[in-house]
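Here is the structure we will look at.
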Amino acid sequence: MGRTQLKAQPRSRTLLVVDDREANLVAMEALLGDGDWQVHSVNSGEAALKALLELDVELVLLDVQMPGMDGFEVARLMRGSPHTRYTPIIFVSAIAHTRESVLRGYATGAVDFILKPFDPQVLKHKINTLLAHEHNRRDLQLLSQQLDSARAFNASVLNNAAEGILVVGEDGYITFANPAIAEMLHTRVEDLQGTLLLAHLAAPDVTAPWRESAFYQHWRSGSTYRLHEAQLYKGDGTTLPVALSSSPLPRQQRSMVVIALDMSVVRNLHVQLETQAVTDSLTGLLNRRGFHQALESALARVDRNGKRMAILYIDLDGFKRINDSLGHDAGDEILCKVARLLETCMRPYDIIARMGGDEFTALLDSLDHPEDAARVAEKLIELISVRHRVDGTEVTLGASIGIAHFPDCGQSVDELLRSADMAMYEAKRAGRRQYRFFSAEMNGRAHARLMMEENLRSAIERNDFELAYQPQIMLGSGRLRGFEALLRWPSDDSSQVEPGVFIPLLEETRLIERVGDWVLREGLNQHRQWQKAFGEDLILSVNVSPLQFAKAGLLDSLKRLLDEYQLAPSQLELEVTEGTLMQDLEQSCDKLSRLRKLGVRVAIDDFGTGYSSLAYLRHFELDTLKIDRLFIANMLDSPRDAAVVSTIIDLGRNLGLEVIAEGVESLAQRDWLIANGCDVMQGFLVSPAIDPAQATAFPTQVQWDAR
Ligand code: C2E
Ligand code: MG
Ligand code: MG
């Protein structure tokens with residue numbers, strides 16, 4: 001695994017000849033000059049040492065006796081220097097040697113002795129052999145240097161790796177551990193080495209013997225084994241979540257390398273993310289998902305010894321207004337405040353959640369009596385339905401609460417929540433700031449409602465609605481005054497759902513806004529086409545729901561539509577009920593006067609049935625009163641109803657308003673109305689609401705033989 005390859009060094013094959021006598025040097029050069037080497041000669045020990053530093057000398061032929069520094073001294077100094085420690089030296093001497101001096105020569109590092117006169121061939125052989133040795137030595141030295149550096153490199157990789165690395169023998173014992181794994185497990189490398197790998201594994205719990213373990217089995221088959229969710233014991237007995245991989249090392253090593261990744265950070269992140277996923281970041285309560293989970297586990301461990309559980313579905317009344325008028329920050333503040341109020345009402349083991357928007361839920365565990373839930377609901381309504389200060393402004397809030405009990409109102413999480421939601425809805429319908437228990441009858445109603453709501457939505461998508469037009473006739477002359485546009489929802493089986501049934505639903509679901517826009521556009525479009533047939537005096541009456549009337553952009557969209565269809569504003573009459581106008585008197589007055597300025601007519605529909613708002617009537621800028629058909633139906637039999645009708649007719653005359661009688665079915669009724677000075681009639685006597693083609697063919701003047 002070394003990073004440097006063994007590279008043979010260029011052979012220098014340089015011989016250094018050291019002799020103080022010039023003649024000897026010349027002779028030696030002549031002798032050795034034809035060899036496969038270079039000869040460098042110097043004439044003193046000092047010069048030899050210098051040359052050794054400068055040149056890459058592979059062999060030294062050294063004269064023993066030299067003035068000054070002799071051969072022994074040179075050899076001694078050479079052996080002392082790392083650079084020349086192993087450079088082979090052949091001592092060359094002319095004098096006969098004592099055994100002692102030869103030994104001394106060897107002791108100082110000579111590898112050979114040669115006496116003059118010598119056989120040049122022998123010397124050359126010796127030189128060749130020694131050079132070969134020297135080359136081998138140098139190669140070996142290089143190799144071991146490279147091995148050392150490779151080993152150091154590998155060790156530094158293992159020591160500095162951030163992941164834990166273990167080498168485990170085929171017997172399951174750890175033979176190597178790097179510092180990272182020791183650090184991860186708060187232990188020492190020495191305490192890991194020589195121990196069983198499986199002894200450190202807290203999870204999965206491997207009880208089988210080593211040779212049956214997945215580690216060993218994978219090693220046997222030569223494949224890598226990965227364990228994404230494992231736990232290792234730490235030194236202090238606690239555990240560390242890790243991801244492990246175990247890969248076989250080359251066969252002859254008979255071991256595997258196990259790498260351990262510290263997963264605690266990732267795991268903590270998971271826990272954190274999971275917490276975030278179940279809590280509502282604004283209020284810190286559980287969110288919808290969290291509540292589902294909590295309810296689910298509560299149902300799983302529900303105790304069946306008589307104790308009950310209740311779900312409260314809480315919806316704030318008037319929150320939308322605060323949010324719209326004071327802004328989202330104020331809205332958020334209110335929601336947090338409500339969350340804290342909820343907490344004060346609950347016992348510590350009750351669970352509270354914010355389901356989204358201004359909807360909260362609570363799970364009341366272990367109730368002794370069903371009424372206990374009602375008590376909590378009452379207290380909540382009382383606490384929430386007060387004036388709150390937000391952003392320096394006082395706002396009024398309320399709460400409507402639905403209660404569903406387990407197991408009576410549902411067995412599953414979804415059923416219980418749906419039941420509580422339905423009950424909440426009933427509480428709202430009943431006039432807000434109330435609570436309602438869920439009942440089976442509620443369920444049936446809600447079910448039908450749900451289905452119809454669904455159908456209505458798809459009817460809007462598919463543009464299934466139609467308009468029918470009921471003629472309005474001037475009582476005096478029998479002339480056609482105009483048509484009232486009435487919404488129709490034909491269904492596939494040619495039956496009709498009554499507007500009295502589906503229109504309130506459209507209003508509750510706010511779908512009326514979209515449908516209402518369509519009615520206006522469709523009605524005006526039709527009206528435009530009638531211009532030729534009926535002239536410019538014809539009036540189209542369009543019913544406007546409270547939501548539509550309250551909308552800020554109503555006038556602008558009316559202007560745009562009238563422009564688009566090139567109709568005079570006075571050709572359009574909006575029918576609103578008393579209830580619509582009474583919702584916000586100030587705004588109604590303002591809107592009515594702007595409609596008056598624009599020139600669009602306004603009629604009060606179903607007049608007489610709503611609020612006794614006669615006192616306000618003077619303040620409203622109106623054009624028409626439409627007497628509710630109930631009075632017309634009864635007026636001939638009931639003096640009281642007759643009195644109401646004639647009073648309304650008088651009132652209209654006094655206030656300068658046109659009066660229309662609705663639901664006129666008989667000639668007798670018509671004549672009574674004429675006699676009492678009513679202006680206009682509408683009813684089956686003349687015509688029910690008819691389709692556009694029939695309306696187009698309707699005469700501008702009906703045969704009117706009034707008595
Ligand atoms: P409304 O505005 O009071 O409409 C008059 C209702 O009386 C119509 O019922 C009409 O068919 C019915 N009617 C007319 N003449 C007679 C009669 O001689 N005898 C009897 N028994 N009934 C008669 P319809 O069409 O079922 O509409 C019911 C209500 O639905 C309307 O009452 C109106 O409040 C609402 N509505 C209808 N169309 C729309 C619409 O486009 N938008 C809105 N917001 N509401 C609408
Ligand atoms: Mg009407
Ligand atoms: Mg009416």
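Order of appearance sets the numbers: ligands from 1, and atoms from 1 within every ligand. Below, each value reflects all heavy atoms present in this structure, side chains not excepted, and no hydrogens, waters or symmetry copies.
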* To do: Select the closest option to atom 21 (N) of ligand 1 among Q470, R488, E665, judged by heavy-atom distance.
  => E665

* Within less than 2.8 Å of the Mg ion (ligand 2), any N, O or S from N543? -> yes

* Structure fact -> Within the 4.0 Å heavy-atom cut-off, what R629 brings close to ligand 1 is side chain

* Structure fact -> Looking at D605, the N/O/S atom that lies nearest to the Mg ion (ligand 2) is called OD2

* Asked: Is the shortest heavy-atom distance from the side chain of C678 to the side chain of Q669 under 4.5 Å?
  -> no

* Of the options F534, W530, F698, which is the one that meets Y469 in a ring pair (Phe, Tyr, Trp, His ring centres under 6.0 Å)? -> W530

* Structure fact -> Nearest heavy atom to atom 46 (C) of ligand 1, choosing from L520, I503, I512, L487, belongs to I503

* To do: Have a look at ligand 1 and work out which part of V519, if any, has a heavy atom under 4.0 Å from it: side chain, backbone, both or neither.
  => side chain

* To do: Give the atoms of ligand 1, by number and element, whose distance to some non-hydrogen atom of E575 is under 4.0 Å.
  => 2 (O)

* Where ligand 1 meets G683 - atom numbers and elements under 4.0 angstrom, heavy-atom basis -> 15 (N), 18 (O)

* Are C409 and E415 side-chain neighbours, meaning at least one heavy-atom pair lies under 4.5 Å? -> no

* To do: Please report the C-alpha distance between Q682 and Q472 in whole Å, then the side-chain angles of each, then the deciding distance to 0.1 Å, and finally whether the side chain to side chain donor-acceptor pair (under 3.5 Å) criterion is met.
  => CA-CA 5 Å; Q682 199 181 325; Q472 299 170 329; 3.2 Å; yes

* Asked: Strictly under 2.8 Å, is any N, O or S atom of E484 next to the Mg ion (ligand 2)?
  -> yes

* Contact partition for D606 relative to ligand 1, non-hydrogen atoms under 4.0 Å -> side chain

* **Nearest-0.5 Å distance, CD1 of residue I314 to OH of residue Y435** => 14.0 Å

* Asked: N/O to N/O below 3.5 Å, does that happen between Q548 and ligand 1?
  -> no

* Relative to atom 8 (C) of ligand 1, which among L630, L547, L467, L486 owns the nearest non-hydrogen atom? -> L486

* To do: Please confirm if an N, O or S atom belonging to E662, backbone or side chain, lies less than 2.8 Å from the Mg ion (ligand 2).
  => no

* **Under 3.5 Å donor-acceptor, K591 side chain and L581 backbone** => no

* Verdict with supporting geometry, S541 and E484, side chain to side chain donor-acceptor pair (under 3.5 Å) -> CA-CA 4 Å; S541 297; E484 176 177 5; over 6 Å; no

* Asked: At a non-hydrogen distance cut-off of under 4.0 Å, which region of E484 contacts ligand 1 (side chain, backbone, both, or neither)?
  -> side chain

* Does any N/O atom on E498 come nearer than 3.5 Å to any N/O atom on ligand 1? -> no

* Can you name the one residue among R436, K428, K320, R433 that meets salt bridge (charged side-chain N to carboxylate O under 4.0 Å, His left out) with D315? -> K428

* To do: Report the relative orientation of the aromatic rings in W489 and F465; use parallel for angles under 30°, tilted for 30 to 60°, perpendicular for over 60°.
  => tilted

* To do: Of all N, O or S atoms in E575, identify the one at the shortest distance from the Mg ion (ligand 2).
  => OE1

* Asked: Short N/O distance, under 3.5 Å, between F684 and ligand 1?
  -> yes

* Quick one: does Q682 get within less than 4.0 Å of ligand 1, heavy atoms only? -> no

* Using the side-chain contact (heavy atoms from CB on, under 4.5 Å) rule, pick out the option among V576, L520, V602 that qualifies with V544. => V576

* Asked: Is it true that a side-chain atom of S557 and a backbone atom of L554 form a donor plus acceptor pair closer than 3.5 Å?
  -> yes

